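Note sheet for the following structure.
Note that the structure is a prediction, hence the values are computed from the model and not measured.
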Amino acid sequence: MLTAGSNMAAPSKGLRLRRPAAGGPAEAPERAVEGQPGSEAGPPTGSFWLTRIVLLRSIALLYFVAFLVGYHQNKQLIGEKGLLPCKLYLQNVKKYFKGKIDLDALSYAPTIIWFLDWSDMDSTLDYLSLFGLATSAFVLITGCANMVLMSVLWVLYLSLVNLLETGFLGIFLCPLWTLSRLPQHTPPSSIVIWGFRWLIFRIMLGAGLIKIRGDRCWQELTCMDYHYETQPVPNPVAYFMHRSPWWFHRFETLVNHFIELVVPFFLFLGRRMCIAHGLLQILFQVLLVISGNLSFLNWLTMVPSIACFDDVSLGFLFSSRMKERVVQIQSKEGAKEKLPLGCYIRKVVNISFGLLIVYLSIPVVLNLLNSRQVMNTSFNPLRIVNTYGAFGSITKERTEVILQGTSSLDPNDPAAVWEEFDFKCKPGNLKRRPCFISPYHYRLDWLMWFAAFQTYEQNEWIIHLAGKLLAQEEETLSLMATNPFAGREPPRWIRGEHFKYKFSQPGGKHASEGKWWIRKRLGPYFPPVNLKGLKKFYEDRNWPYPMRD
C-alpha cells in the first residue's frame, strides 16, 4: 500500500459548555445537548486551539529530524568536499545570471546561503542545521510558536531542500510575536486549517491518480507483488510482507486505491466524515511506516491530516486545566468584545493567504485533471503549492550498485581480491538484516537506489564517490556502514558492479544460512578507476581532488 511523499518537510465529538452562553440562559440547554451529559465541560466542536498545538509540535518534530539529517550528512553531500558541492552549484547559477544575485537567481535557487560567508561552507551548513535544530526543539518542547519562529524554520529548510509546503502553512497558524500555546485573540484561522486539508487532499488524490494513469499493475492489482522487495530501502517487515499470498496483495492494492481516490473526498462531507478521513489517512501512513523506510515522508503526510480533528477530538491528549483554558478563551471570543487592531490585520492577512492558495492551486488542479499528470512538481519559485504523487510505476526487479575496492596493481588480474563497501541501510551484504530507520533518512542510500536504474554517466556523483573512497576521506566514509580498508593502505582501484537482488525465501535454504537476500551479477556498472586516472575528470568539473585525511 503506497502513498505520496509529502513535501518539506507529518480529530471527534466531545463536550460543549453547560453554562449560559453569551446570548443568555436560554441558550445553555442547546449547547449542552452537543456534548456528553454528565461530563465536565470541554472545548466546543469546531474550535482548533488544541489542534494548533498538536500541528505545531508535529511540524517541529519533523523539522528536528530533517535538520538532524542535514547536520550529519550535509557536509559530506554538499559541503566543501561534498559529492555535489553547493558552492560550485551556486557559483554556476550566479554565472548563468551574469554574476548578479537578483530576483531571478533567488527564484531559481531560493537560499539564504547567497547572503552568507562562502569561505567556510561546511561551517555555514552546520550553523544552519544547528540553528534549525535549536529552533525546532524549542517549538517541540514548549508547544509555543509565532510567525517569526516558523518563518525562520521554513527559510532555513527551504535554503537546503527547496520544498516545504507544510512548513509554510505552519507560519500562518501562529500569532506574529506572541509566544504562548493559547495566545489571546488569535484563534487558528479556518482558512489555514482548510489549507492543511487541501494539502492532504492533493497529496492523496495526486498519488492515486498517478498510479491509475501510470503502471498497468495498479489497474491489474498486481503492484504489491513487487513493491516490498523493490522499494528504496526495505525493512524486516517488508521481507515477510513480500511473501504474503496473492489475494492479500490484491486486497492491499484495492485498499490503496480506496484510501487515495475515495477517502480524500470525505473532507468535504461534514465534521464526522472529515474525522474519519483523518483517522484512515493516519492509520494508512502508520502501516506504510511499519512496512518500509520512506524517510520522514509518511510522517510528513500525517501532519496535514491532523487538521481534520478539532479540539474535542484531541482533548484526550491534554489536561483538564488546558481544556478549561480553551473554554475560557472561547467564551471571551464569543462575548464580542472589541478586538485589538492587530486582530483585524490578521484577518486581512489570512484572507489574502487564502486567495494566494487559491491562485497558486489553479495549475495544480489542472495538472490533476490532465491525463499527462506530472508528480512532485512546483509551479511557483517558493514551492508553496505543489503537485504530489509517488510510485506511479513500480520496478519489477531490484538492482543494486555494489562498490568494490582492491589493492591489486592490476584490476584485470583474475587473482585480484575485490572487497565490498557496505552502505548504512541499503541492501549489500546478503546476511545483513534489513534495517529500521524511519523517520531518519540516509540520503546516499536513497540516491544509490535511483542510480541503479540508470547509468553512471547519468549519475556522475557516483564516480566522485569512488574517488573519495580511493582517498579514504573520513567524511565520506562516515556515510558508509563498513570500510574494508580500515587500518590498511587505501585501495588502488574502485569499481561498480551491477547485481539483481531478491529476498530469500523465509525458511528456505538461503534463509537457513542467515541470508536475507540472494543476488545475481548482471555485469559492470562502471569500470575500475584509480585516483590518477580520475584527475582530469575532477578538473573538468571543478571538483576538489580527493586527498587522504
Side-chain angles (χ1 to χ4, degrees), residues 7-9 46-60 63 103 106-107 110 112 135-136 138-139 142-159 163-202 267 303-304 306-308 310-311 326 329-330 332-365 378-386:
N7 46 77
M8 214 87 180
S47 69
F48 296 91
W49 296 88
L50 301 179
T51 304
R52 169 166 59 191
I53 297 173
V54 179
L55 272 170
L56 288 174
R57 279 184 157 156
S58 299
I59 294 171
Y63 268 129
L103 286 177
L106 286 171
S107 174
I112 60 172
T135 308
S136 57
F138 173 82
V139 177
T142 66
C144 301
N146 56 30
M147 295 183 78
V148 175
L149 286 181
M150 297 306 289
S151 296
V152 166
L153 286 171
W154 182 73
V155 169
L156 288 174
Y157 200 62
L158 181 71
S159 297
L163 184 64
L164 196 59
E165 184 174 349
T166 303
F168 184 77
L169 290 169
I171 296 172
F172 294 88
L173 273 174
C174 312
L176 178 59
W177 295 109
T178 307
L179 275 176
S180 171
R181 285 185 290 177
L182 297 174
Q184 294 287 336
H185 305 303
T186 316
S189 167
S190 58
I191 292 174
V192 179
I193 294 297
W194 273 103
F196 279 103
R197 293 175 180 178
W198 175 232
L199 171 58
I200 190 61
F201 177 85
R202 287 180 285 116
L267 285 166
V303 172
I306 295 171
C308 298
D310 59 12
D311 289 346
V326 172
I329 291 174
Q330 281 291 100
K332 290 180 181 179
E333 294 292 329
K336 297 184 179 179
E337 299 175 353
K338 186 176 180 180
L339 298 176
L341 177 62
C343 293
Y344 295 102
I345 295 175
R346 182 177 174 81
K347 288 180 184 291
V348 172
V349 170
N350 287 333
I351 292 171
S352 302
F353 171 74
L355 293 174
L356 175 65
I357 295 297
V358 170
Y359 173 73
L360 295 178
S361 294
I362 294 174
V364 173
V365 172
S378 184
F379 299 99
N380 60 88
L382 293 179
R383 287 74 167 169
I384 295 173
V385 179
N386 312 299

**Request:** List the atom of Met147, the atom of Ile171, and the distance in Å for their closest heavy-atom pair.
**Result:** CG-O, 3.2 Å

**Thr135: partners by side chain to side chain donor-acceptor pair (under 3.5 Å), with sequence neighbours left out** = none

**Message:** Using side-chain heavy atoms (C-beta onward) and a distance below 4.5 Å, is Tyr63 in contact with Val139?
**Reply:** no

**Prompt:** Between the side chain of Asp311 and the main-chain N/O of Thr51, is any donor-acceptor distance below 3.5 Å?
**Reply:** yes

Could you tabulate the donor-acceptor pairs under 3.5 Å formed by side-chain atoms of residues 349-359, not counting sequence neighbours?
| residue | atom | partner | partner atom | Å |
| --- | --- | --- | --- | --- |
| Asn350 | ND2 | Arg346 | O | 3.4 |
| Ser352 | OG | Val348 | O | 2.8 |

**Message:** Let me confirm one number: the OG1-CZ distance from Thr186 to Arg52, rounded to the nearest 0.5 Å.
**Reply:** 6.5 Å

**Prompt:** Would Leu158 and Ile112 count as a side chain to side chain contact (heavy atoms under 4.5 Å, CB included) if you check the C-alpha gap in whole Å, the side-chain angles of each, and the deciding distance to 0.1 Å?
**Reply:** CA-CA 9 Å; Leu158 181 71; Ile112 60 172; over 6 Å; no

**Prompt:** Atom CG of Leu199 and atom OG1 of Thr166: how far apart are they, to the nearest 0.5 Å?
**Reply:** 4.5 Å

**Message:** Ignoring hydrogens, what is the shortest heavy-atom contact between Phe196 and Pro304? Give both atom names and the distance.
**Reply:** O-CB, 3.3 Å

**Message:** Once rounded to the nearest 0.5 Å, what's the spacing between atom CG of Leu169 and atom CD1 of Ile384?
**Reply:** 9.5 Å

**Prompt:** Can any side-chain N or O of Thr142 pair as donor or acceptor with the backbone N or O of Cys144 at less than 3.5 Å?
**Reply:** yes

**Request:** First locate atom CZ of Arg181, then atom CG of Leu179, and finally report the distance between them rounded to the nearest 0.5 Å.
**Result:** 12.5 Å

**Complete:** Taking every heavy atom of Leu267 against every heavy atom of Cys308, the minimum-distance pair comes out as CD2-SG, 3.5 Å

**Asked** Do Pro187 and Phe48 touch side chain to side chain, with heavy atoms closer than 4.5 Å?
**Response** no

**Complete:** Correct closest heavy-atom pair for Leu176 and Val148 would be O-CG2, 3.6 Å

**Prompt:** Where is the tightest heavy-atom contact between Cys174 and Met150, given as atom of each residue plus distance?
**Reply:** SG-CG, 3.7 Å

**Message:** For a 4.5 angstrom cut-off between non-hydrogen side-chain atoms, does Arg202 reach Val385?
**Reply:** yes

**Asked** Side chain of Glu165, backbone of Asn386: donor and acceptor closer than 3.5 Å?
**Response** yes

**Prompt:** When you measure from the side chain of Ser189 to the backbone N and O of Ile191, does any donor-acceptor pair fall under 3.5 Å?
**Reply:** yes

**Prompt:** Closest approach of Asp310 and Gly46, non-hydrogen atoms and distance?
**Reply:** OD2-N, 3.1 Å

